[in-house]
Asks: 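To start, I am sharing the structure in question, which I have written as structure tokens.
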Amino acid sequence: QAQVSVSGWTPPAKSRPEQARLSLREQAQRGEAPPSQLYRQINRQAAAGKRLPAPSARELQQERNSLRLRIGAIRQLNSPLSSWEEMTSYSVPEGQVYVTRIASEGALSLRLHFTDVSLPEGARLFVASEQTPENFSGPYQQNGPNRDGTFWTPPLRGDSVVIEYFVPSAADKTRSVSLPFRVKQLSHSFKDERAIIPNVVQQEGAAACNASVPPEWSEAAKSVARLRFVEPLGEFLCTGTLLNTADNSGKPYVLTANHCFSTQAAAQSLVATWLYDFGDDPGVIASRPSTQGAFLLATGARSDFTLVELRFPAPTGVRFSGWSTERPTTGTTVSSIHHPQGSYKRFSAGSLVNDSCPSDLPGYQCDNLLKVRWNTGITEPGSSGGVLWTGSAADPRVAGTLLGGFSACDNRAGTDYFGRFDLTFPAISFYLTGQGCAYELSGTSRLVEASGGSARVSVFLRENDACPWTASSDVPWITISNKD
């Protein structure tokens, strides 16, 4: 197969007319902020609501033997929020505003999971931090941002949030028996690089031996994002990187690791924070641009990759990284930029080595990985999914995605492992070049009896139905039939 290599690209800055920043009250007048910012009779603190006690120590634990950083616990409400009786009602000139609160004691931030969302025409739903009202999400309308009646809000600061639901007068007169939405679970964030919680070991920040991003790598660093997403076992942090396309299209394709997430549900909950280059301080990260939501395009365990397309364009000032399908050889100089412990970007540099893999990793899978030993920096939980670059700082090319490894401040010679981009490329080439096949497998593993048996894996073409394909086995004890 011919090798393909694409340069990185930084879009030219666009001149935009200066726009006056609207106050919260002005935003509320336009229906773009919670009604309580406009109507002072709405008492957010007096609203009825639901409150969960502080989580147990078990809920705050990291995943056992996990390579990703768990920052939040998924908690179930004692009973779903679904009844009008749980909302406090306020009359406003255009209709009614229904208000309630949801709290989870001690949370650094909260995310609510809305389901069965079906709002009438003209209705608007908002969720805001109780302690910081300007930190809000919405308006949500009709079936929500995913158009399927379900969504996670972005993180909202503090351990209590306020739901404000505006209903126009005409729609309120014909309202259904139950609320046109349900909330039955939330994500309780307990890990934050800017906050120290006593007796919680995972509050430790990025290790001291992490290296800052050198000035010559500042442009390449603009392609790297901190990814925050929700899975059934918790809320997690990883690293992702914007990839350029062959025609510099600016489509927001983000590459991360399959072990970080591999489902559309997780992709929909994704919050990507950009240009987070310094300072573990609330004011710094709050000022960084972010994008919410993504579509899962392709994922695979073989080279540990996930590719998503962001729901919205990437913000101004970012870079789209170059990449190459050439497999780098032992001794090649390599680099990586990532978010250790979810902190601001750090830099690692070293070279590829010929090393063994962990004993619990099958030999054939070991060949799918690039082995790296650093001479500058390390990686940590939160770095997962960060890319490995070959080439100079002026225009590095992606060669792999971080699976994990053994580098640490007390083990600087420990090997880290990256899934090979040349193995990832066939599954994503359609998106990056417009050529090849975009496909999905019905499964990445199958179990059979030790005595032998049969199993089936289907190939679904997502784009370009005319794609030819074939299947082969690289071990003698597997025979493939019905390859069409």
Asks: Any non-hydrogen side-chain atom of Ser429 less than 4.5 Å from a side-chain atom of Gln435?
Replies: no
Asks: Examine Arg420 relative to Phe418 and say whether NZ or CZ is less than 6.0 Å from the centre of the six-membered ring and inside a 45° cone about the ring axis.
Replies: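 Verdict for Phe418: no cation-pi partner in Arg420.
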Asks: Measure the CG-CG distance between Leu24 and Leu22 for me, rounded to the nearest 0.5 Å.
Replies: 10.0 Å
Asks: Residues two or more places apart in sequence or in another chain: which of them pass salt bridge (Lys or Arg N to Asp or Glu O under 4.0 Å) with Glu94?
Replies: none
Asks: Just wondering, do Phe421 and Leu388 contact through their side chains at under 4.5 Å, heavy atoms?
Replies: no
Asks: Which residues pass the ring pair (Phe, Tyr, Trp, His ring centres under 6.0 Å) test with His113, sequence neighbours left out?
Replies: Trp152
Asks: What residue among Thr115, Asp116, Val117, Asn143 forms side-chain contact (heavy atoms from CB on, under 4.5 Å) with Thr150?
Replies: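 Going through Thr115, Asp116, Val117, Asn143 one by one, the side-chain contact (heavy atoms from CB on, under 4.5 Å) with Thr150 is satisfied by Thr115 alone.
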Asks: Who pairs with Phe236 by ring pair (Phe, Tyr, Trp, His ring centres under 6.0 Å), at least two apart in sequence or on another chain?
Replies: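 Residues passing ring pair (Phe, Tyr, Trp, His ring centres under 6.0 Å) with Phe236: none at all.
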Asks: Flag the pair Lys251 / Phe320 as yes when at least one side-chain heavy-atom distance between them is below 4.5 Å, and no otherwise.
Replies: no
Asks: Quick one, Ser137 and Phe151 - any side-chain contact, counting heavy atoms below 4.5 Å?
Replies: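 Not touching, per the 4.5 Å side-chain cut-off.
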Asks: Does Glu121 have more than 12 heavy atoms from other residues, nucleotides or ligands lying within 6.0 Å of its CD?
Replies: no
Asks: Any non-hydrogen side-chain atom of Leu77 less than 4.5 Å from a side-chain atom of Leu52?
Replies: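 In contact.
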Asks: Taking 4.0 angstrom as the limit, do Glu235 and Arg70 come out as a salt bridge?
Replies: no
Asks: List in chain and number order the residues that pass side chain to side chain contact (heavy atoms under 4.5 Å, CB included) with Asn135, two or more places apart in sequence or in another chain; answer none if no residue qualifies.
Replies: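 Checked Asn135 against side chain to side chain contact (heavy atoms under 4.5 Å, CB included); matches are Ser129, Thr132, Leu156, Arg157.
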Asks: With ring-ring contact (aromatic ring centres under 6.0 Å, His included) as the test, pick out the partner of Phe347 among Trp389, Trp217, Trp374.
Replies: Trp217
Asks: Test of understanding: with side chain to side chain contact (heavy atoms under 4.5 Å, CB included), list the residues that count as partners of Thr263, not counting sequence neighbours.
Replies: Glu231, Ala265, Ala266
Asks: Among pairs that include at least one residue of residues 91-136, which meet disulfide (SG to SG under 2.5 Å), considering only residues two or more places apart or in two chains?
Replies: none
Asks: Between Leu125 and Tyr98, is there a side-chain heavy-atom distance shorter than 4.5 Å?
Replies: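 Tyr98 does not reach Leu125 side chain to side chain.
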Asks: Please name all residues satisfying side chain to side chain contact (heavy atoms under 4.5 Å, CB included) with Ser7, sequence neighbours left out, ordered by chain then number.
Replies: Asp395, Arg397
Asks: Does anything in residues 209-241 pair up under disulfide (SG to SG under 2.5 Å), and if so which pairs, sequence neighbours excluded?
Replies: Cys209-Cys409, Cys238-Cys260
Asks: Using the six-membered ring wherever Trp is involved, compare the ring planes of Tyr140 and Phe114 and label them parallel, tilted or perpendicular (cut-offs 30° and 60°).
Replies: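 Taking Phe114 first and then Tyr140, their aromatic rings sit tilted (interplane angle of 30° to 60°).
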Asks: Pairing donors with acceptors under 3.5 angstrom, does anything connect the side chains of Ser383 and His339?
Replies: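 No, no side-chain donor-acceptor pair sits under 3.5 Å.
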Asks: Checking Arg311 now: which residues fulfil salt bridge (Lys or Arg N to Asp or Glu O under 4.0 Å) with it, not counting sequence neighbours?
Replies: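 Here no residue qualifies.
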Asks: Inspect the contact between Glu130 and Arg101 and indicate whether a charged nitrogen and a carboxylate oxygen are less than 4.0 angstrom apart.
Replies: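 Between Glu130 and Arg101 there is a salt bridge, with a charged N closer than 4.0 Å to a carboxylate O.
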Asks: Just to verify, what does Lys50 make a salt bridge (Lys or Arg N to Asp or Glu O under 4.0 Å) with, not counting sequence neighbours?
Replies: Glu86
Asks: How would you list, by chain and number, every residue that makes a salt bridge (Lys or Arg N to Asp or Glu O under 4.0 Å) with Glu26, sequence neighbours excluded?
Replies: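 Per chain and number, Glu26 pairs via salt bridge (Lys or Arg N to Asp or Glu O under 4.0 Å) with no residue.
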Asks: Using a strict cut-off of less than 4.0 Å between a Lys/Arg side-chain nitrogen and an Asp/Glu carboxylate oxygen, indicate whether Arg51 and Asp159 qualify as a salt bridge.
Replies: yes
Asks: Check Glu164 with Arg124, please: is the shortest side-chain N to carboxylate O separation under 4.0 Å?
Replies: no
Asks: May I ask you to test the Arg182-Leu81 pair for a side-chain heavy-atom distance under 4.5 Å?
Replies: no
Asks: Taking only residues two or more places apart in sequence or in another chain, which ones pass side chain to side chain contact (heavy atoms under 4.5 Å, CB included) with Ala272?
Replies: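 Ala272 satisfies side chain to side chain contact (heavy atoms under 4.5 Å, CB included) with Ala225, Leu227, Trp274, Thr291 only.
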Asks: Side chains of His338 and Asn210: closer than 4.5 Å at any heavy-atom pair?
Replies: yes
Asks: Would you say the side-chain atoms of Arg111 and Ser187 include a donor-acceptor pair closer than 3.5 Å?
Replies: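 The criterion, which ignores hydrogens and geometry beyond distance, is not satisfied for Ser187 and Arg111.
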